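One structure below.
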Amino acid sequence: PPLYGVRKRIEGERGETLLGPMRSPFAVVGRELRYRGWLTRGLVDSVEPGADGWWDGVARYRGRRLGRFAMRRLGR
C-alpha cells in the first residue's frame with residue numbers, strides 16, 4: 001500500500017527520509033541510499049530511473065528484500 005506522508009530530502013551525498021517528526025539519515029552512494037541511523041543501519045534503498053521522471057526503488061535490510069517503491073521529485 002502507499003506510504004502517504006513519507007518524504008525524502010536529498011542534497012548531494014546525503015539525505016534523510018521523513019515520516020512526520022521522525023527522520024532517518026542516509027548517505028547517497030551511486031544509486032543507493034544507505035541508512036546511517038542506529039535503528040536503520042543495514043537498510044539500503046536501491047533506485048533506478050523509471051518512466052516520466054519517476055524513480056523505481058527496492059528497499060533491502062541486510063540484503064533481504066523488504067519491498068518496492070516509486071518516488072518522484074516534487075516541485076520547489
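Position 1 is the first residue of the sequence, and the numbers go up from there. Below, each value reflects all heavy atoms present in this structure, side chains not excepted, and no hydrogens, waters or symmetry copies. The structure displayed is predicted, hence computed values, not measured ones.
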Handout entry: Separation of R7 CZ from L18 CG (nearest 0.5 Å)
Key = 5.0 Å

Exercise for the section: Kindly compute the distance separating CD (E16) from CE (M22), expressed to the nearest 0.5 Å. Expected result: 12.5 Å

Please name the pair of heavy atoms, one in [X] and one in [Y], separated by the smallest distance, quoted to 0.1 Å.
| X | Y | answer |
| --- | --- | --- |
| R31 | P49 | NH1-CD, 3.6 Å |
| T17 | K8 | OG1-NZ, 2.9 Å |
| D45 | A59 | OD1-CB, 3.4 Å |
| G50 | D56 | CA-OD2, 3.6 Å |
| T40 | S24 | CG2-OG, 3.5 Å |

Practice task
If a pair satisfies ring-ring contact (aromatic ring centres under 6.0 Å, His included) and one of its residues is in residues 31-72, list it, with sequence neighbours excluded.
Solution key: F26-Y35

Handout entry: Note, R9 side chain near R23 side chain (heavy atom, < 4.5 Å)
Key = yes

Handout entry: Side chain proximity check, V44 to V29, heavy atoms < 4.5 angstrom
Key = no

Exercise for the section: Only counting residues at least two apart or in another chain, list the ones meeting side chain to side chain donor-acceptor pair (under 3.5 Å) with R14. Expected result: none

Practice task
Could you tell me which residues satisfy side chain to side chain donor-acceptor pair (under 3.5 Å) with R36, sequence neighbours excluded, listed by chain and number?
Solution key: none

